[in-house]
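To start, the structure under review is shown below, and the notes come after it.
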Amino acid sequence: MNNQHEKMKDKITDYVLGILNEDEIANLEKHIEQCSECKEHLESLKKEREIILQFGKNIDSKMKAREENVMAALEKFQPKKSVHMSMLHNRIFKFAAAAMIVIGILVIFQSMSLTGKVYALTDVPGLIEKAKTLHVKTKYYTKVKDQTLDFQTLEYWYDIENGRMYYLREVEKYDADTGLEIPLVTESKRETVWDENYVMKLDDKKKTAMFNKLLSSQKQANQKYIMQLAMNAMQDWENLDSYRKVDVGQIDGHKYDIWRREFNLGDSGIKFRYETWVSPATGDIGLTKVWSKMDRDEWELHSETDVFERNVQPQQNIFSTQPPNDFAVENTKENADISYICFDIYGGSDGYKFNVQFSYCLEDGSIVTCWRGKNTNKTTDTGLEKAFEELRFGDKLPLAPIGFYGLLWVPENNTQGQIEYYVGRHILYTQKADNIYEWAVYVPENKPKTLNTLVQNLAFIKIESKDITDSSPRLYLMSLKVEPEEFNNLIHGAYKELSDNSELPENVNYENILNMAKQIPDKKELYSNFKKEIQEQVEHVGILESVEIVLPEDSLELVKQTTEEFFKAINEGRDNDAMRLLRYEEERASSIVKNMKQMPGIDGIKVDDIYIDEKAALVITSEFGPIDNQYGCWAISLIKEKGLWIIRDFDAPTAATKSKEVDKFLEPFPNATHFPQ
């Protein structure tokens, strides 16, 4: 075996231990694919590591037995006489030796099972990007007016490596009083499968199957879509820098760090809380939760994701687009409408149907889409050609039966900027048999400050037979951010599939579309007209505002400082400073300060206990007195307003009634943290 091959074997050991960098991993994995000997060596090391891992799991439970076994071995050992060896006959030393041997085993185990890296929440996206598959299962809980509980389960399988996806949605109704015991009815069960060529939708209740076709030229782009959708399966990953580690929990005996963020929904008074449990040892997500609350209401759990698995083997045939034998097929793959992976086709009861073929984001934030709108009551789109033929590159969008007339971008929490309005301009139209497709660009008035790989817009649909009302359809449009060369290749391929002609017009390319888009924001009337049209609808769009998470530990010193500063100001005769720390109006605050100055032992008061919540605290001071011939203490209630702690209320319980005062405070704040000083 040559020296280079030996080095590769050494690298395999480091690979198993998890101490190689990304470039080394890539080079090694490439070598292993081509070298059966190294592949065998890797599998052997993995098996050895599993044996050590299994051994390590039993160490804690068998620690005592191990110590006794080591002690017995030491008793039998008869070394030659020496100062050092005679120490083995000392029982205390033997216990120490036994412990050291067992600890040594633990150290070996730990060195082989841990990489030394402690994973934080911000490390998780990188791990998902490297995953080949992802399995996610989320439960949603919603109370409805008729005292029933909607229990919805969403399950996703992402085959990231091959660009395939599976989605299951189940809805069950339960009685709100009995909870999740016996379902009243399984309301619906729907499955959707994406492979490289088709989308199959199954309605398990109706026993029907329906197909949509994917553009073959977009396969590479669709794989990127799948990757980004898998990334989005991780709750709120674009705002990870606003999360904070708040606690540590356990799932099945394994430690997880709990990361949290909170935000307000505009001025609605509604607050949201997201939590993600991350294993510091592996970077795996063990649990995610979403809560909401209104003002001072209790936090209500909305959803929880209890399955989040990377690189697990999907169920057999889960990505098959062959419908079950007992399902009726509404259409065939051959006559299926063309759609793309990130848009759910709109089909109204009035016969209007709308679908999107692709959608890409340019460097300035403009969105280029291709869509088709039709009235299914008409057999063909014949007659529309004239309206399309009169349009030129950069003109106003055509009057189609149904289509996007504008987009909205709402800034995600933790990003800067306001709502952005997009107006549409015509690029070209294509015709394939009887189908007419509109290619359009939607240009933002101002470039969004944050452009992610997958850009989400709220799309407004206009129907020719309706005025613009609050009930007009609104759908989400997901657009993939692409580079110029990639964009040109993608639309060339799409043109061949969506047109009876073979040659894409020369002016339709990334640079020309971008140059045309740069001129649109100067036409302010286009944006003002669009804003007027959707004014009522925008009023219902809430902007998320981040809320800083302050843990009880953060506020502890401030609460203590506020309380001690209050008593210090009283003792030093600084009445105005003491009154400033009170929430009361001046007359009552003055009366409190005056009365407290006359209390015996006020100069010796110290903080003994603090109970603290997000916005409220209770301070129990040391005893003073006497009160009614008994020594008592101060129970001081504080509240946090605009980032400052202010004294809200006082009471002077005796030693016998102090616990009642604490219980009274804890009743509305059961999760308050106790800090005995």
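Keep in mind that the numbers below use all heavy atoms, side chains included, and drop hydrogens, waters and symmetry copies.
Between the side chains of E191 and Y166, a donor-acceptor pair is found at a separation under 3.5 Å. If you check the side chains of S499 and T430, you find no donor sitting under 3.5 Å from an acceptor. In this structure, a donor-acceptor pair under 3.5 Å is present between the side chains of S366 and D364. Side chains of S359 and T369: a donor-acceptor N/O pair is absent below 3.5 angstrom, by distance only.
R310 has its side chain within reach of L127: a pair of non-hydrogen atoms, C-beta onward, lies under 4.5 Å apart. Counting heavy atoms from C-beta outward, L287 and Y256 have side chains that stay 4.5 Å or more apart. The shortest distance between side-chain heavy atoms of P505 and Y495 falls below 4.5 Å. Contact check for T208 versus L202: no side-chain heavy atoms found under the 4.5 Å cut-off. Using a 4.5 Å heavy-atom threshold, the side chains of V199 and V193 count as separate. Between K139 and Q152, the closest side-chain pair of non-hydrogen atoms is not below 4.5 Å. Residues M165 and T192 form no side-chain contact, since every pair of their non-hydrogen atoms from C-beta on lies 4.5 Å or further apart. Between V455 and W409 there is a side-chain heavy-atom pair separated by less than 4.5 Å.
When every heavy atom of G283 is checked against every heavy atom of V124, the shortest pair comes out as O-CG2, 3.6 Å. For the pair D257 and Y119, the tightest heavy-atom approach, listed with the atom from each and the gap, is OD2-O, 4.4 Å. For the residue pair Q315 and W157, the shortest heavy atom distance occurs at NE2-NE1, 4.1 Å. The minimum heavy-atom distance between P444 and Y442, with the atom names listed, is CD-O, 3.9 Å. Between Y476 and L458, the shortest heavy-atom contact is CE2-CD1, 3.7 Å. Nearest heavy-atom pair, W277 versus G249, reported as atom, atom and distance to 0.1 Å: CZ3-CA, 3.7 Å.
Aromatic ring pairs are classed by plane angle as parallel below 30°, tilted from 30° to 60° and perpendicular above 60°; the pair Y274 and F263 is perpendicular. The aromatic rings of W194 and Y167 sit tilted, their planes meeting at an angle between 30° and 60°. Ring geometry for F272 against H302 counts as tilted: the plane angle lies between 30° and 60°, on a 0 to 90° scale.
For the atom pair I226 CD1 and L134 CG, the distance stands at 11.5 Å (nearest 0.5 Å). The CG atom of L121 sits 13.5 Å away from atom CZ of R260, with the distance rounded to the nearest 0.5 Å. The CG atom of L362 lies 10.5 Å from the CD atom of E483; values are rounded to the nearest 0.5 Å. Remark: Y429 OH to C370 SG distance equals 13.5 Å, nearest 0.5 Å. Rounding to the nearest 0.5 Å places CD1 of I128 at 7.5 Å from CD1 of I160. Atoms OG1 and CZ, on T133 and R164 in that order, are 10.5 Å from each other to the nearest 0.5 Å.
With sequence neighbours excluded, no residue satisfies side chain to side chain donor-acceptor pair (under 3.5 Å) with E129. With sequence neighbours excluded, no residue satisfies side chain to side chain donor-acceptor pair (under 3.5 Å) with K206. Applying the ring-ring contact (aromatic ring centres under 6.0 Å, His included) rule to Y510 yields the partners F487; only residues at least two apart in sequence or on another chain are considered. For Y437, there are no ring-ring contact (aromatic ring centres under 6.0 Å, His included) partners, not counting sequence neighbours. With sequence neighbours left out, the ring-ring contact (aromatic ring centres under 6.0 Å, His included) criterion links Y340 to Y225.
A donor-acceptor contact shorter than 3.5 Å is absent between the side chain of K271 and the backbone of W291. Using modelled atom types, one side-chain atom of Q223 and one backbone atom of E161 make a donor-acceptor pair closer than 3.5 Å. Between the side chain of N512 and the backbone N or O of N509 there is no donor-acceptor pair closer than 3.5 Å. At distances below 3.5 Å, at least one donor-acceptor pair connects side-chain atoms of N331 with backbone N or O atoms of F211. The main-chain N or O of T332 is found under 3.5 Å from a side-chain atom of N335 such that the two form a donor-acceptor pair. Counting only distance, with no hydrogens or angles, the side chain of N212 and the backbone of I338 share no donor-acceptor pair below 3.5 Å. The main-chain N or O of S242 is never found under 3.5 Å from a side-chain atom of N239 such that the two would form a donor-acceptor pair. In this structure, T305 contributes its side chain and V307 its backbone to no donor-acceptor pair below 3.5 Å.
Using a cutoff of 4.0 Å between basic side-chain nitrogens and carboxylate oxygens, K289 and E275 are not scored as salt-bridged. With salt bridges taken as basic N to acidic carboxylate O contacts below 4.0 Å, none links K213 and E497. The pair D203-R190 meets the salt-bridge criterion, with a side-chain N (NZ, NE, NH1 or NH2) lying under 4.0 Å from an Asp/Glu carboxylate O.
K39 NZ: 12 or fewer foreign heavy atoms inside a 6.0 Å radius. Around the NZ atom of K201, the shell of radius 6.0 Å holds more than 12 heavy atoms that belong to other residues, nucleotides or ligands. Heavy atoms from other residues, nucleotides or ligands lying under 6.0 Å from CD of E29 number more than 12. Shown here is K432, whose NZ atom has more than 12 heavy atoms of other residues, nucleotides or ligands within 6.0 Å.
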Original post:
Checking side-chain hydrogen bond (donor to acceptor under 3.5 Å, both in side chains) for the pair S339/D337: CA distance, chi angles, key distance, verdict?
Top reply: CA-CA 6 Å; S339 189; D337 284 334; over 6 Å; no
**OP:** Show your reasoning for whether side-chain contact (heavy atoms from CB on, under 4.5 Å) applies to Y243 and T122.
**Re:** CA-CA 9 Å; Y243 277 76; T122 50; over 6 Å; no
**OP:** Begin from the C-alpha positions of K189 and L168 and carry the test side-chain contact (heavy atoms from CB on, under 4.5 Å) through to its verdict.
**Re:** CA-CA 7 Å; K189 180 181 178 182; L168 169 66; 3.9 Å; yes
Original post:
What's the verdict on side-chain contact (heavy atoms from CB on, under 4.5 Å) for E155 and V136, showing C-alpha distance, side-chain angles and the deciding distance?
Top reply: CA-CA 6 Å; E155 184 175 8; V136 182; over 6 Å; no
Subject >> Check against side-chain contact (heavy atoms from CB on, under 4.5 Å), H31 and N27 >> reply: CA-CA 6 Å; H31 173 79; N27 291 333; over 6 Å; no
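Because its NZ or CZ atom is not both nearer than 6.0 Å to the ring centre of W259 and within 45° of the ring axis, R244 does not count as a cation-pi partner of that residue.
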Acceptor/donor pairs from residues 319-330 side chains to any protein atom, 3.5 angstrom cut, sequence neighbours excluded:
{"residue": "S320", "atom": "OG", "partner": "Q322", "partner atom": "N", "Å": "3.2"}
{"residue": "T321", "atom": "OG1", "partner": "D195", "partner atom": "OD2", "Å": "3.1"}
{"residue": "T321", "atom": "OG1", "partner": "K333", "partner atom": "NZ", "Å": "3.1"}

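The ring of Y158 has its center closer than 6.0 angstrom to the ring center of Y156.
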